[in-house]
Amino acid sequence: MDNILNNFTDLLNNRGIRLSESQLHQFELYYRELVDWNERMNLTGIIEREQVYIKHFYDSLSVAFFVPMSDHLKIADIGSGAGFPSIPLKIAFPHLRVTIVDSLNKRIHFLNHITSFLGLSDVQCVHARAEDAARLPVHRDQYDLVTARAVARMAVLNEFCLPFVSVGGLFVAMKGQGVQDEIEEASFSLRELKGQWLNTHRFELPVEESTRHIVLITKTGPTPKKYPRKAGTPLKSPLI
């Protein structure tokens, strides 16, 4: 292994995550395909190899620092973009059954390609607005773990994501700095959408030492029938 893979492996070992040679090979293939496809479509502004491994792969796996992956099976990733955090989580924890929801078809095309290219099973990529997909019985209140990474403010994310979470399940919002103000702003949306804040975990991303927060919210009851509102409404008129 080269220095970047060695560092990536050591950082994850320190967090109790151990990857096989096969899994490390999948991450390297993921990196190469991401950069190749990024030349034809805008998937990420980060293409330097070490930065991809830290800012995308390691950051995605940070969910597992605070949420035991063995406790979860069905995961939905809302607004996944190029597959973060769900594809790194699937590589590291192959037992997960993953559904990725994204509104841009070109990203779904890439995600279908990468899951096939990496030989990942039990991954479903759904081309839809979150507000529309969450209205479908196959997705509504169905997932014991739902993730979203830097998609929108918490008051908006709650309406995007909580309708997918099963009662007793967990919504994990991956955020940067200033998250406490967002959580306080989102208190009304949590009550409306049957969510309850559990904890906010803070950690430093290695190398650049930037701050990250993992916000944990549990689902206390079924999604009320009036939510989510029609596509576009949560962003235009957040529940605050």
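Here, residue 1 is the first one in the sequence, and each next residue gets the next number.
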Atom pair [atom1]/[atom2] of [X] and [Y] - distance to nearest 0.5 Å:
| X | Y | atom1 | atom2 | answer |
| --- | --- | --- | --- | --- |
| L19 | Q26 | CG | CD | 9.5 Å |
| L61 | F84 | CG | CZ | 10.5 Å |
| S86 | L96 | OG | CG | 9.5 Å |
| S116 | L118 | OG | CG | 9.0 Å |
| L89 | L145 | CG | CG | 8.0 Å |
| K55 | E50 | NZ | CD | 10.0 Å |

Quiz prompt | salt bridge (Lys or Arg N to Asp or Glu O under 4.0 Å) evaluation trace for D141 with K219 | solution = CA-CA 9 Å; D141 299 331; K219 182 83 165 283; 2.8 Å; yes
Exercise. Would you please indicate if the ring centroids of F171 and F160 are separated by under 6.0 Å?
Key: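 No, the ring centres sit 6.0 Å or more apart.
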Quiz prompt | Derivation of the side chain to side chain contact (heavy atoms under 4.5 Å, CB included) call for Y58 and R15 | solution = CA-CA 11 Å; Y58 180 90; R15 290 288 189 168; 3.8 Å; yes
Under 3.5 Å: donor-acceptor pair, side chain of [X], backbone of [Y]:
| X | Y | answer |
| --- | --- | --- |
| T233 | K230 | yes |
| Q196 | T218 | no |
| D102 | I108 | no |
| D144 | K74 | yes |
| S187 | E184 | yes |
| H95 | H72 | yes |
| H213 | M174 | no |
| T211 | Q177 | no |
| R140 | V165 | no |
| N158 | S189 | no |

Same cluster for [X] and [Y] if Ile/Leu/Val/Met/Phe/Trp/Tyr side chains link at under 4.5 Å?
| X | Y | result |
| --- | --- | --- |
| I240 | M154 | no |
| F93 | L73 | no |
| L136 | L162 | no |
| I87 | M41 | yes |
| L193 | V167 | no |

Are there over 12 heavy-atom neighbours, none belonging to [X], within less than 6.0 Å of that residue's [atom1]?
| X | atom1 | value |
| --- | --- | --- |
| I47 | CD1 | no |
| N14 | CG | yes |
| H113 | NE2 | yes |

Residue pair [X] / [Y], side-chain heavy-atom distance below 4.5 Å:
| X | Y | result |
| --- | --- | --- |
| I217 | L170 | no |
| W37 | H109 | yes |
| N13 | R18 | yes |
| Q180 | K175 | no |
| T200 | I214 | no |
| R149 | D77 | no |
| T44 | H56 | yes |
| Q142 | F164 | no |

Self-check item: Derivation and outcome, side chain to side chain contact (heavy atoms under 4.5 Å, CB included), residues F110 and L34
Solution: CA-CA 9 Å; F110 168 74; L34 177 67; 4.2 Å; yes
Quiz item: Are K194 and E192 ion-paired here, with the side-chain N under 4.0 Å from a carboxylate O?
Solution: no
Quiz item: Where do Q51 and I54 land on the side chain to side chain contact (heavy atoms under 4.5 Å, CB included) test, with the steps shown first?
Solution: CA-CA 5 Å; Q51 291 205 5; I54 296 299; 6.0 Å; no
Compare every heavy atom of [Y] with every heavy atom of [X], then report the nearest pair and how far apart it is.
| X | Y | result |
| --- | --- | --- |
| S103 | R129 | CB-CD, 3.7 Å |
| P234 | V156 | O-CG2, 3.6 Å |
| S80 | I100 | CB-CG2, 3.2 Å |
| V101 | A133 | CG1-CB, 4.2 Å |
| E28 | L5 | OE1-CD2, 4.4 Å |
| T115 | N112 | OG1-O, 3.0 Å |

Practice problem: Scan side-chain atoms only and decide if Y143 and T99 contain a donor-acceptor pair under the 3.5 Å cut-off. | Solution: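 Short answer, yes.
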Quiz item: Stepwise, does the ring pair (Phe, Tyr, Trp, His ring centres under 6.0 Å) test hold for Y31 with F8?
Solution: CA-CA 13 Å; Y31 166 71; F8 181 61; over 10 Å; no
Practice problem: Quick one: do R153 and E185 satisfy salt bridge (Lys or Arg N to Asp or Glu O under 4.0 Å)? Show the steps, please. | Solution: CA-CA 9 Å; R153 293 183 68 83; E185 175 189 75; 3.0 Å; yes
Quiz item: Within 45 degrees of the axis of the six-membered ring of F203 and under 6.0 Å from its centre: does R212 put its NZ or CZ there?
Solution: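 Output no; distance or angle outside limits.
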Quiz item: What is the ring orientation for F57 with Y30, classed by angle as parallel under 30°, tilted 30 to 60°, or perpendicular over 60°?
Solution: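 Taking Y30 first and then F57, their aromatic rings lie parallel (interplane angle under 30°).
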Quiz item: Are V172 and V215 close enough, and set up right, to give a side chain to side chain contact (heavy atoms under 4.5 Å, CB included), and what steps lead you there?
Solution: CA-CA 6 Å; V172 178; V215 183; over 6 Å; no
